[in-house]
Amino acid sequence: MKWQLQAQLNHVLQTLGYELPTPAGLSFPANPDFGHYATNVTFQLAKIQKTNPKLLAETIATQLEQSPTFKGKLQCSAVNGFINFTFSNDQLWALLTQLEGVSFPKTTEKILLEYVSANPTGPLHIGHGRWAALGDSLYRILAATGHQVQTEFYINDAGNQVQKLYESVQAVKAQTPIPEDGYHGAYIHDLAALGDDPLKQNLKWQHDTLAAFRTHFHSWVSEKSLQGPEKIQNVLDILRQKGLSFESEGALWFRSTEFGDDKDRVLIKSDGANTYFLMDLVYHLDKIQRGFTLLINIWGADHHGYVKRVRAGVQALGGEQFAQDAHFKIMIGQLVNLFRGGEPVRMSKRTGDMITLQEVIDEIGTDAARYFLIEKSPDSHVEFDLAVAVQASSENPVYYIQYAHARLCNVLAKLADQGTPEAQSGLPQLGPDEAALIWQCLKWSDAIWEAAQNLAPHQMAHYAWGLAKKVQLFYERCPVLKASPAEQHQRLEIIKHAKETLRKSLDVLGMSAPEKM
RNA sequence: GCGCUUGUAGCUCAGUUGGAUAGAGCAACGGACUUCUAAUCCGUAGGUCGUAGGUUCGACUCCUACCGGGCGCGCCA
């Protein structure tokens, strides 16, 4: 909605002869008295024209309201120098009932979203859960807003860590001590007992956990599959031709300092082995060669030191285009601290190892786990209390949102039994709680579009909560079953839309929308 | 030491990219159950936005310095 109105607004301002330095933007006023949308374009204009923003706002507001585009459709008023836009209740009703689907601005980027990409050397932990919730919700949000997006899991199945995994499992089988720098978790003993290829088994476990977490990937790319000599040679050739590699101390280096890295990085070690970094460059060039124009990576904060060198590499290989954040985004998620009833939880009671994502899912369920991991901005360090997450109380927003959905389903079911009211002629008389709920539903497209633009799934968690709040209020104050036929008809329309919007909101969060609770 | 990140109500966090009187939830206190499912709703209280400067019509937001938290600084992956 917003971008369409924004486009209209800019068009009208242009025809009125106002020259804007940047297109006028719309925002949601914090105070509901200030209408549904607001613009501060008057402040920018006043600066250029050296006039008083308040007077300017009054002039423009009048002009806008009289313009053919907005006349009779939108109330435009000048307050404190802002211009506020308000839909009448009739207009809200029309928007709700006449809206046929939602169209988003066209996008042309081909997006590859890579996330989790855990080492196949052990079980996933709660941090992986956060990247999984973040990545999968982001995928759902991007897909729902018309983006071309694919998700991918990169398997680090080559190199020392995997070697150590094999050695550790082998040691247990041979009943010899596990090497000092090997893996010592209880799961190593499980792997030894199972007898299968430990790497494949770990991958299966990870895959199963991610599936239980409702997280799905279009592709799983193995590091091994990229080890063909021609792919590696290709990367080395490009760097050499651009004069970005050099030999020193028996190793081959990438001159990443050329692109702002703190120091140059080794590509081929003096013992002749490829570094993990070189393989990552091969992988990223492969992404670009597959035709993706926007790469998004989600990494844990413990890898942020790696950002500069990979950016440098991608810029060197993919060209200037990929130097821009617009084409290569690296999202850093802060780590998660687990608690249970206020006490820190690090270790699993069962195994004594780091508590796994699977154990968290088993304990609190996928819905709650996903909500609490997605609720906060990726930049914030999450303090996640497992005891709160399972509480069936008002302390728990998961139930609050799902309960709102279940309540609406219940009313709809009862209404279906008792017979739905006939459509009424004439315009509905909307009360404030009805209008507020309608507006919250209409804002869904703005909310999801902005969450997509900002790569910020947590904004959808807040939106969903806000919608649930409006639903609960409506439920308290606007009975449906006992309403008069006219009221019942309009309320039925509203809760049908509200239910569907709640369901869509829960869906992009990867949460279920129960019909009964 | 250097780099990234973070600091907002007692607690957990938002803050629409520089706008209007800084917002929610929980906890606290007071109220509402002959209900469409009380897993709910209403009200009250709670703040020098880490500190100090700077930029401008206007700063939680941008810049600088300092203080505190987290993480990272391998020819590991």
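This structure is a prediction, so every number in the text was calculated from the model and none was measured. Each chain gets a letter, A, B and so on, in the order its sequence line appears, and its residues count up from 1.
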Could you tell me how far [M] sits from [N] if I compare only their [atom1] atoms? Round to whole Å.
N: A22(B); M: C60(B); atom1: C1'; answer: 7 Å
N: G50(B); M: C67(B); atom1: C1'; answer: 7 Å
N: C33(B); M: A45(B); atom1: C1'; answer: 26 Å
N: A77(B); M: U17(B); atom1: C1'; answer: 36 Å

Assign Asp280(A) to base, sugar-phosphate, or nothing according to its heavy-atom contacts below 4.0 angstrom with the strands shown.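 The answer is nothing, as Asp280(A) stays clear of every strand by at least 4.0 Å.
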
What is the distance from CD1 of Ile374(A) to P of U12(B), rounded to the nearest Å?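 The distance from CD1 of Ile374(A) to P of U12(B) comes to 21 Å, rounded to the nearest Å.
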
**Request:** Mind checking side chain to side chain contact (heavy atoms under 4.5 Å, CB included) for Ala498(A) and listing every partner two or more places apart, or none if nothing turns up?
**Result:**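 Partners of Ala498(A) by the side chain to side chain contact (heavy atoms under 4.5 Å, CB included) criterion, ordered by chain and then number, come out as Leu408(A), Leu437(A), Cys441(A), Val471(A).
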
Can you pull the salt bridge (charged side-chain N to carboxylate O under 4.0 Å, His left out) pairs that have at least one residue in [range], sequence neighbours excluded?
range: residues 22-45 of chain A; answer: none
range: residues 120-130 of chain A; answer: none
range: residues 445-461 of chain A; answer: Lys2(A)-Glu450(A)
range: residues 483-496 of chain A; answer: Glu434(A)-Arg491(A), Glu487(A)-Arg491(A), Glu493(A)-Lys496(A)

Check your understanding: Which residues pass the salt bridge (charged side-chain N to carboxylate O under 4.0 Å, His left out) test with Arg255(A), sequence neighbours left out?
Key ->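 For Arg255(A), no residue satisfies salt bridge (charged side-chain N to carboxylate O under 4.0 Å, His left out) once neighbours in sequence are set aside.
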
**OP:** Please identify each residue that fulfils salt bridge (charged side-chain N to carboxylate O under 4.0 Å, His left out) with Glu258(A), with sequence neighbours left out.
**Re:**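 Partners of Glu258(A) by the salt bridge (charged side-chain N to carboxylate O under 4.0 Å, His left out) criterion come out as none, since no residue qualifies.
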
**Q.** With sequence neighbours excluded, residues passing ring-ring contact (aromatic ring centres under 6.0 Å, His included) with Phe474(A)
**A.**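 Partners of Phe474(A) by the ring-ring contact (aromatic ring centres under 6.0 Å, His included) criterion come out as none, since no residue qualifies.
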
Practice prompt. Go through the structure and list residues passing ring-ring contact (aromatic ring centres under 6.0 Å, His included) with Tyr115(A), not counting sequence neighbours.
Written response: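 So Tyr115(A) forms a ring-ring contact (aromatic ring centres under 6.0 Å, His included) with Phe217(A).
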
All N/O contacts under 3.5 Å from nucleotides 19-24 of chain B to the protein, with atom names and distances to one decimal?
{"residue": "G19(B)", "atom": "N7", "partner": "Asn40(A)", "partner atom": "ND2", "Å": "2.7"}
{"residue": "A20(B)", "atom": "N6", "partner": "Asn84(A)", "partner atom": "OD1", "Å": "2.9"}
{"residue": "A20(B)", "atom": "N1", "partner": "Asn84(A)", "partner atom": "OD1", "Å": "3.0"}
{"residue": "A20(B)", "atom": "N1", "partner": "Asn84(A)", "partner atom": "ND2", "Å": "3.3"}

Each nucleotide of nucleotides 70-76 of chain B classed B (base within 4.0 Å of a protein heavy atom), S (only sugar-phosphate) or -, in 5' to 3' order, makes SBSSSBB

Note to self: Quick one, Val310(A) and Trp299(A) - any side-chain contact, counting heavy atoms below 4.5 Å?
What the structure shows: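 Side chain of Val310(A) against side chain of Trp299(A), heavy atoms only: contact under 4.5 Å found.
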
Quiz item: OP1 or OP2 of G7(B) less than 4.0 angstrom from a side-chain nitrogen or oxygen of Ser380(A), does that happen here?
Solution: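 Checking G7(B) against Ser380(A), no side-chain N or O comes under 4.0 Å of OP1 or OP2.
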
For RNA chain B, the expected dot-bracket line (Watson-Crick or G-U under 3.5 Å, [ ] crossing, | inter-strand) is (((((((..((((.....[...)))).(((((.......))))).....(((((..]....))))))))))))....

